[in-house]
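Note sheet for the following structure.
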Protein chains: 2
Amino acid sequence: MPERALPYRPHNHQACVSQALADARHICREHNARLTAIRERVLELIWQSHKPLGAYDILAQLGTEGHNAAPPTVYRALDFLLQYGLVHRISSLNAFTGCTHAGQKHQGVFLICRQCGNVLELESEPVARAIDTAAKTEDFRPDEITLEITGLCPRCRAGAETGTD
Amino acid sequence: MPERALPYRPHNHQACVSQALADARHICREHNARLTAIRERVLELIWQSHKPLGAYDILAQLGTEGHNAAPPTVYRALDFLLQYGLVHRISSLNAFTGCTHAGQKHQGVFLICRQCGNVLELESEPVARAIDTAAKTEDFRPDEITLEITGLCPRCRAGAETGTD
DNA sequence: CAACGTTTGCAACATTATAACAATTGTCGC
DNA sequence: GCGACAATTGTTATAATGTTGCAAACGTTG
Ligand SMILES: [Zn+2]
Ligand SMILES: [Zn+2]
Ligand SMILES: [Zn+2]
Ligand SMILES: [Zn+2]
């Protein structure tokens, strides 16, 4: 068994955050898109853990920071981050999580632990191929794929009460 | 190319409805569950087409029928129908669609046309296996799988403005 | 600086979903 | 049938999530 993925074990999460922010700055520069203060702060808040954050959670945190935030502020920042593939929306949770494959062409598969709430984003070529084949069988042309798997992460299965923040 | 699936071509949809209601009655009898008038009517409304229906759409239609309906009425009926696998919730649409595999153990894959709105529920063993393998690789135990594929159905690709109701 | 497009602030509103408690209905033993 | 009990439904209110529209502020470019 290879080493467990980051969300499932203690790790230097600050490194996750730094990497995400660096990627974001790079991607935005490449696209001539402005990673403004609010957008960057929202991304940073989303990355405060591997647990998806609701728009209103983000809003509440911004509220305690002097930013004069209303729902559109948050949703606009989220739209921007989604557009450039810096975050993903988890439909089954109405929440948002940082993309761990920013800048790479990828089709996210999300493993969502119902105990600790952490989410692991996978890339799976076999899954992508199987889905593509299934769609082709019906002559359907896929556009966007939402694949969210809820269950128990290894850490929670082992009995830990909560995962790493 | 085999014949297109029902939602993508004109078909005797009344047969879909009858089959769904018959299945529902059978499944409820088996489980000693009461398919009350409201529950049956909600199921029937959901089955009025292959396009998922929002809870408030259902509510509005009930409202025109003498039923004295409020949101909880609908959500409770939906909870019941979900519990017995008679309908599915489409997370990415916040809407509900009739299950076309009621009573069978299955893992739904939903093909959602962004043009006509029709949904086709597939069962795909290869997809299920690929997902299972991917989860196992991370030592994750799946519980519930949401797989929703948005795109263009064959009918809409061929230029028709709308699909069959 | 002036003009323009982008981003943000802000107020109101729309949509989706749930909580709490009372009233009604169905079921079962008597 | 009748009373007791559980399941279902009615009703009101409220929570949670997401959007519209317009005005002000900001950044860029000539
Ligand atoms: Zn981390
Ligand atoms: Zn967990
Ligand atoms: Zn049909
Ligand atoms: Zn279509």
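All chains are named by letter (A, B, ...) in the order of the sequence lines, taking the proteins before the strands, and each is independently numbered beginning at 1.
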To the nearest Å, give me how far apart CG (A:Leu93) and C1' (C:dT16) are. 16 Å

Roughly how many Å is it from NE2 in A:His67 to P in C:dT7, rounded to a whole number? 16 Å

Integer-rounded Å distance: C:dA14 P and B:Tyr56 OH: 14 Å

Pairing stems for DNA chain C [at least three consecutive pairs; Watson-Crick or G-U; under 3.5 angstrom]: C:1-30 with D:1-30

Once you round it to whole Å, what is the distance between C1' of C:dG26 and CZ of B:Arg39? 12 Å

For the pair A:His88 and A:His106, name the ring-plane relationship: parallel under 30°, tilted 30 to 60°, perpendicular over 60°. perpendicular

Assess whether atom CD of B:Glu144 is packed by more than 12 heavy atoms of other residues, nucleotides or ligands within 6.0 Å. no

Compare every heavy atom of A:His11 with every heavy atom of A:Leu6, then report the nearest pair and how far apart it is. O-ND1, 3.1 Å

Please answer whether the main-chain N or O of A:Arg34 pairs with a side-chain N or O of A:Arg39 as donor and acceptor at a distance below 3.5 Å. yes

Would one find more than 12 heavy atoms of other residues, nucleotides or ligands at under 6.0 Å from atom CZ of A:Arg141? no

Sub-3.5 Å donor-acceptor pair from the side chain of A:Glu121 to the main-chain atoms of A:Gly108, do we have one? no

Can you tell me how far P of C:dC10 sits from CG of A:Leu59, to the nearest Å? 13 Å

Rounded to whole Å, please give me the gap between CD in A:Gln83 and C1' in C:dT6. 13 Å

Without hydrogens or angle criteria, can the side chains of B:Asp23 and B:Gln19 be said to hold a donor-acceptor pair below 3.5 Å? yes

Taking atom CZ of A:Arg41 as the centre, does the number of heavy atoms from other residues, nucleotides or ligands within less than 6.0 Å exceed 12? yes

How do A:Pro71 and A:Arg76 order along DNA chain C: which one's closest nucleotide is nearer the 5' end? A:Arg76

If you assign each of A:Arg89 and B:Pro72 to its closest nucleotide in DNA chain D, which residue comes earlier from the 5' end? B:Pro72

First and last nucleotide of DNA chain D in contact with chain A, 5' to 3', at under 4.0 Å to a heavy atom: what are they? D:dT17 to D:dG27

Which residue pairs satisfy the side-chain hydrogen bond (donor to acceptor under 3.5 Å, both in side chains) criterion with at least one member in residues 70-87 of chain B, sequence neighbours excluded? none

Between atom CD1 in A:Ile38 and atom P in C:dC10, what is the gap in whole Å? 11 Å

Quickly work out the A:Tyr75 OH to C:dA14 C1' distance and round it to whole Å. 12 Å

What is the nucleic acid contact for B:Arg34, judged by heavy atoms within less than 4.0 Å: base, sugar-phosphate only, or nothing? sugar-phosphate

Result for 5'-nearest mapping on DNA chain D, choosing between A:Asn94 and B:Ala77, is B:Ala77

